[in-house]
Structures are given as C-alpha cells and as structure tokens.
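Step one of this worksheet: look at the structure below.
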Amino acid sequence: MTDRTSIHGQWSSRLAFILAATGSAVGLGNIWKFPYITGENGGGAFVLVYLVCVVIVGIPIMMAEVLIGRRGRQSPINTMRLLAHEESRHGIWQIVGWSGMVAGFLIISFYSVIAGWALAYVFRTASGTFTGVTADGVSSIFSSLVSDPERLLAWHTIFMVMTTIVVSRGVRSGLEQAVRVLMPLLFMLLLVLVGYAMNTDKFDEGLAFLFSPNFSALTPGAVLTAMGHAFFTLSLGMGAIMIYGSYLPKSASITKTSVVVALMDTLVALLAGMAIFPIVFANGLEAGAGPGLIFQTLPLAFGHMPGGTLFGTLFFVLLVFAAWTSGISLLEPAVAWLVENQGVNRVRAATLMGILGWLFGIVTIMSFSSWAFEFDFAGETKRSGMFDILDILTANIMLPLGGLAMAVFAGWFMSRDSTMDELGMGDSLVFRGWFFLVRYVTPVAVIVVFLQLLGVIDF
Ligand code: TRP
C-alpha cells in the first residue's frame with residue numbers, strides 16, 4: 001500500500017531530493033525578501049521570531065509535507081484525496097491541494113516579475129553601469145526600471161519562459177545537475193560579499209541590527225510577517241515540497257533531509273543579511289527602503305570593489321538561477337495535477353500555467369507605477385498596492401493556513417502508524433518529538449500568531 005511510485009518519475013537519490021528541495025527553498029525569498037522585510041520590521045527581534053518559526057513551525061511542517069507527499073505520490077490535490085480516503089477521513093481535505101495550487105499561481109505571478117529585476121541587473125552590472133556610481137545614482141537607476149512597465153514586462157516574459165521550459169521537460173532532467181553546481185557558487189559569492197561588508201566601517205552596526213533584538217520594535221504585523229516568511233522561504237504550505245516529496249525514494253530519511261534543507265536555507269538568508277546591512281549603514285541608506293533594498297545597495301558594493309563588474313554580474317546570474325529553481329517548484333503541483341486529471345501532456349500543462357502566471361504578473365508590474373496605491377496593514381504603510389496585497393495574501397495568510405492544515409492532517413487525521421511508517425524511525429524519541437510538535441506546538445503557534453494580529457490576544 002505504501003510502495004507506490006509517481007507517474008512523474010523519481011529523484012535518483014536522497015541527495016538529488018536535497019538539491020531540488022534546497023533549490024526550491026533558496027531563492028528570492030532569502031536574498032531579496034529576507035533583507036527588505038528585516039529592514040522594514042526593525043531587525044533583530046524580527047530575525048529572532050523568524051528563526052524560532054523555522055525551528056518550531058517550519059521543520060515539523062516540512063517533514064509533514066514531505067511524508068504526505070511521499071505516501072500519496074501524486075499531485076497535492078490527488079495525494080490529499082487519496083490519503084484522506086485511506087485514513088477514512090472526509091474528502092474535503094483535498095482543499096489543501098486546491099488552495100496550494102492557487103497560492104502557487106499567485107506567487108509565481110509576482111515572483112517572476114522580481115526575478116525579472118534580477119535579470120535586468122545581470123546586464124546592467126555586466127555593462128559596467130554601476131562602476132563608481134553614488135547611492136543616489138543607484139536608486140535612480142532602480143526607480144527608472146520599476147517605473148517602466150514595458151521593460152518589466154520584457155524581463156518577466158523571459159523569466160516565465162525559462163521557468164515554463166524546465167517544468168515542461170520535467171523537473172528532474174537538468175535540475176539536479178544545475179543545483180549541484182550553482183548552490184555552492186552562490187554560497188561562495190555571498191561569502192565574498194560578506195567579506196566586502198566586513199571592510200566597510202559599519203560591519204558591527206550591521207550585525208547588531210540583525211542579531212540584537214529590540215522587542216519594542218516588534219508589532220503584531222511583524223510577528224505575522226516573520227512567520228509567513230518562514231513558510232515562504234522554506235517553500236512550505238502550498239504543495240511544492242509535497243510534490244517534491246512524492247518523487248523521493250522510500251529509503252531516504254525525511255527527518256535528516258528536512259533539517260539539512262532548512263539549515264542551508266537559513267544560512268543563505270543570514271549571509272545575505274550580513275552582506276547587505278553594513279552596506280546600507282555605511283552609505284547612509286534606508287534599511288526600510290522596501291522591495292528595492294538589494295537593488296539599491298548591492299550595486300554600490302559592486303561599483304566600488306575590485307573586480308566588482310565580474311562579481312556583480314556573477315551574483316545576479318546566480319540570483320536568477322536561485323529564482324529559477326524556486327519558480328519551477330511553484331508551477332509543478334498545478335502541472336502535475338493537469339497531467340493526472342485533465343489528460344493533457346506535460347508540455348501543454350506547463351505552457352498553460354506559464355501563460356496564466358505571465359498574464360497575472362501584469363498586476364504586479366503595474367503595482368510599481370500607474371496602479372500604485374498606499375494602504376496600512378497592521379501598523380505598517382505599504383506602498384505598492386496589489387503587489388503588497390498578493391504578498392500578504394499568499395505568504396502571510398494562505399501558506400500558514402495550508403501548513404497548519406498539513407500539520408493537523410499529519411498529526412491528528414493520519415494514524416500514528418502511517419506517519420511512523422513513513423518517517424521510518426520507529427517509535428523513537430525523534431518521532432515522538434516531531435509528533436508532539438505537529439500535534440500541539442505548530443498548530444498552536446500558527447493560531448496564536450493569527451489571533452494576536454486580530455487583537456484577540458494582546459502581548
Ligand atoms: N522558497 C522560495 C524563495 O525563498 C520561493 C518558493 C518556491 C516558494 N516555491 C515555493 C514559496 C512554494 C512558497 C511556496 O524564494
């Protein structure tokens with residue numbers, strides 16, 4: 001009953017899964033989003049809440065998501081339906097798969113636009129645009145890009161085509177090899193950037209901003225954003241990790257792989273923060289600058305360091321690759337479902353999803369120029385209208401709810417025997433620890449964060 005195989009194929013090894021899942025997890029979330037939301041939310045205390053969420057919410061849910069995926073071996077919708085049936089539960093659980101598919105579609109629509117910014121920056125850095133440039137110069141270069149919908153559309157189109165091509169060939173071919181080389185390279189370039197940041201006279205200030213918590217700066221909105229980011233950065237709550245789990249060989253340890261993926265993801269985010277904030281402070285820039293933060297800071301470093309044109313170009317190339325390996329995991333659940341249920345072939349399914357995501361991406365493109373509007377969310381002013389709404393709706397609401405449902409399903413609605421069998425550790429201490437976390441700690445944590453936002457509980 002539990003030795004099913006996926007019709008979409010299987011990873012060649014546990015390492016291949018780790019690479020693919022890390023490829024999904026490490027992306028714009030780590031290098032673009034983590035620094036800018038940390039800057040907007042006051043630093044240290046926000047980072048601490050995020051790290052706590054990774055440990056008590058992220059890792060247990062990642063394990064739940066992988067185990068559900070591997071047990072069902074189908075697209076998230078069909079996996080949830082099948083497991084609910086096998087565990088004699090109501091078919092309504094498949095809603096987790098549906099909402100994940102919608103979340104993935106909404107996320108790819110804006111993710112691709114931001115990846116387009118990174119693509120544009122590859123060419124700018126390579127052509128030496130940033131050499132010797134001032135902070136004001138860097139910001140005006142950024143503003144002129146985001147206020148030009150036609151250029152944004154061109155880059156967004158290129159990224160969406162790249163993503164669709166990989167998904168239509170099947171996530172296995174090519175992906176494993178690419179991640180194997182690119183991840184270590186990205187890591188090394190981040191170290192180079194941290195090295196540069198160490199030589200500014202504000203490295204200590206940057207570290208203090210990241211790591212010394214000031215809890216008075218922590219708003220209810222910031223707590224939700226930190227938790228939402230734990231989901232976003234680990235690719236949790238929408239079925240991406242579930243579908244990747246469905247290609248995982250039965251012999252692999254879910255616990256070890258999940259911990260490794262979460263560790264690598266966290267390390268990349270922290271390195272990005274350590275590179276960026278010293279540069280922000282050394283140049284008198286605004287930590288709360290918003291989504292443009294890395295695009296307004298890193299070019300300054302590249303414009304002033306020896307070999308900056310080379311390093312800078314390489315950095316944005318790697319950022320595009322990181323975004324690419326993440327983007328494909330956002331489309332994969334929907335594509336697998338179309339192949340399973342609608343009888344379309346993979347190429348058509350991927351093309352259809354690619355076109356839909358591309359079209360909807362226009363909403364994000366316009367958010368930075370003519371459709372921009374401001375609104376307040378939980379005590380913060382948001383300036384990019386629909387983009388911010390999409391971000392809040394997906395990362396801060398849909399992903400935590402999806403993850404909550406997966407934790408509750410694995411902890412309360414699957415039999416203890418099923419989860420124990422799938423995790424393959426017997427009734428060990430680690431199993432019991434996980435079981436306790438998904439049953440009590442994780443659901444309570446997610447619910448408390450939502451409630452405090454609604455003002456029901458006041459901290
Ligand atoms: N985790 C990726 C990042 O940090 C984005 C991503 C890929 C994602 N797949 C996902 C986010 C699934 C949520 C759900 O850039």
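In this text, all values refer to a predicted model and were calculated from it rather than measured experimentally. Order of appearance sets the numbers: ligands from 1, and atoms from 1 within every ligand. Residues: numbered from 1 along the sequence shown.
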*Which atoms of ligand 1 have any heavy atom of L330 under 4.0 Å away?*
7 (C), 8 (C), 9 (N), 10 (C), 12 (C)
*If we only count N/O pairs under 3.5 Å, is V26 in contact with ligand 1?*
no
*asked:* Centroid separation under 6.0 Å, is that true for the rings of Y440 and W412?
replied: yes
_Out of the candidates F142, F387, F373, F295, only one should pair with F368 under the ring pair (Phe, Tyr, Trp, His ring centres under 6.0 Å) rule; please name it._
F387
*Around atom 11 (C) of ligand 1, find the nearest protein heavy atom and jot down its residue, atom name and distance.*
F232 O, 3.1 Å
*asked:* Under a plain distance cut-off of 3.5 Å, with no hydrogens placed, do S329 and S235 share a side-chain donor-acceptor pair?
replied: no
*Can you say whether the rings of F123 and W155 are parallel (under 30°), tilted (30 to 60°) or perpendicular (over 60°)?*
parallel
*Quick one: which ligand 1 atoms are inside 4.0 Å of a heavy atom on L28?*
15 (O)
*Identity and distance of the protein heavy atom lying nearest atom 8 (C) of ligand 1*: S235 OG, 3.6 Å
*With backbone taken as N, CA, C and O and side chain as the heavy atoms from C-beta onward, which portion of A25 lies under 4.0 Å from ligand 1: side chain, backbone, both, or neither?*
backbone
*With heavy atoms under 4.0 Å as the rule, classify the contact between L399 and ligand 1 as side chain, backbone, both or neither.*
side chain
*List the steps and the verdict of ring pair (Phe, Tyr, Trp, His ring centres under 6.0 Å) for W11 and Y244.*
CA-CA 9 Å; W11 306 113; Y244 277 18; 5.2 Å; yes
*Answer whether the closest heavy-atom distance between the side chains of F311 and T125 falls below 4.5 Å.*
no
*Got the closest protein heavy atom to atom 12 (C) of ligand 1, with its distance?*
M238 SD, 3.3 Å
_Just to confirm my output: which protein heavy-atom neighbour is closest to atom 9 (N) of ligand 1, and how far is it?_
S329 OG, 3.0 Å
*N/O of F231 under 3.5 Å from N/O of ligand 1, yes or no?*
no
_Looking only at protein heavy atoms, which one is nearest to atom 15 (O) of ligand 1, and what is the separation?_
Y111 OH, 2.5 Å
_Nearest protein heavy atom with distance in Å, relative to atom 2 (C) of ligand 1_ = S24 O, 3.2 Å
*Parallel, tilted or perpendicular: which fits the ring planes of Y121 and F130, with parallel below 30° and perpendicular above 60°?*
parallel
*Salt bridge check: are D391 and K33 linked by an N-O gap of less than 4.0 Å?*
yes
